[in-house]
Amino acid sequence: MTRDESHWPPDFDAEVRRLVEPIVAGARRKRMIEEELLAHLTEAYEEEVVLQSDARAARRAVRRRFGSAAEIGRQLQAAVPRRERVLFSWLGHMETYMARWWIAGLVVFLVVFAIAVPDSVEFSIGALSMLVGMGFVRACQTSPVWRATWPMWAGVAAIAIGPAIILPGLAKYKQTGEWTQTAGPIAVGAFILLAGLAVIVWGLAFRRKPLA
Amino acid sequence: MNPIHGDKLRGHLETLILATLERGEAHGLEILHRLETRGCGLLRLKEGSLYPALYRLETAGEVSAVWESEGHGRRGARRRIYRLTAKGGKRLKQARGEFEQFVTVLGGILGAAT
C-alpha cells in the first residue's frame, strides 16, 4: 500500500471504480453500484477503525470482510439483467465499429476532396497525416506490440518524411540557385531525418537493456 | 458450533435477506448486522456478495430500494434503503414452506441414522 493511510475519509473510490468499470451495464446502474459500495466500505471502515489498532489494519479488515474483488465483480456482472447486459455489450461493440467507420469515412472524404479540388492536396495530405499520427498514438496506447516497437515505426516515418522535404528543396535550389528560399525546408527535413535515425538508435538501445 | 461460510449459504442468501427485511427496511450493512445477530455470529458471509443478491431481488421485484435522503447526517456516499415488497413477502412464505419440508425430510433421514 503506497497511499497515505492517515487521511480521512478513507479513499476507496479508486478501488470501487476498478471493480465496477468492467461491468457491462448501463451508466446509471454502474453509478448506483459505485456509490452504494463506496458507502458500504466507508461505513465498514468507520466500524473497523474503532476496533483495530490503526488505519492500515482497519483497511485490511474492511477488504477481508468485503471479499475478493474479482469474485464480487463476477457476481455483480451476473446480477445485471440479461437484456441490459446484451444491449450494452452490443452498444460497446457498435461504438468501436462506429469509430472505425467514422475514420474510414473521413479518409475517403479527404481522398475524394484532394482529387476533386486539386488546390486542396496539401490540406488533405496534412489532415491524413494527422489521422495517421492519431492512429499511431492510439495504437501505442492500446497494443503492447506497438508500445514495444513505436521507436522503430516513428523512426521509419521520420526517415520517409525527411527526404520528402529535403529533395524538393534541393531541386528548387538547383533551379534557382538561391539558398534563402530553400535553406529552411532543407534544414527542417534534415532535422526530421536525423531525429528519426536517433529515435531508431535509441529504440534499439532501449530494447537491449531489459535483455541484458 | 462451527461457523457457516458463504459456500454453504449458496441458494439461501436471497431468502435470508428477505427474512431480514421482513423486520423492517434496512441498508446493506444493516442487513448484514441483522444476519450476524440472528445467526448468533456463526454466519460468515463476504459482505460484497450481499449486493449482487440485493440487485437480483430488486430486478425480480421482491425488494424495492430508495436512496437515503440528503440530510442523512453521514459523511460521503449515500446508502440505499431496501424494503420487502408484496412479491418478496410471497416468495419468503413459499421459501419457508420449502425449507421446512427440506429440514423435515433430511432431518428424518439423518436422525434415523443416529
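In the text below, chain A, chain B and the rest are named by the order of the sequence lines, each starting its count at 1. Quick caveat: nothing in here was measured; it's all calculated off a predicted structure.
- Crowding of B:Trp67 atom CH2: a count of heavy atoms from other residues, nucleotides or ligands under 6.0 Å exceeding 12.
- With a 4.5 Å cut-off on non-hydrogen atoms, B:Ser49 touches chain A through its backbone and its side chain both.
- In summary, of the residues considered (B:Arg91, B:Arg96, B:Lys90), a side-chain contact (heavy atoms from CB on, under 4.5 Å) with B:Leu18 occurs for B:Arg91 alone.
- In this structure, chain B has a heavy atom under 4.5 Å from the side chain of A:Glu47, while its backbone stays farther away.
- Across A:Glu35, A:Gln75, A:Glu34, the residue that shares the most heavy-atom pairs under 4.5 angstrom with chain B is A:Glu35.
- For B:Leu32, the part lying under 4.5 angstrom from a heavy atom of chain A is the side chain only.
- Only the side chain of A:Leu37 has a heavy atom closer than 4.5 Å to any heavy atom of chain B.
- Of all non-hydrogen atoms in A:Phe12 and A:Thr42, the two that sit nearest each other are CD1-N, 4.3 Å.
- At a threshold of 4.5 Å between non-hydrogen side-chain atoms, the residues A:Ile33 and B:Tyr55 count as touching.
- Using modelled atom types, one finds no donor on one side chain facing an acceptor on the other under 3.5 Å when comparing B:His27 with B:Glu68.
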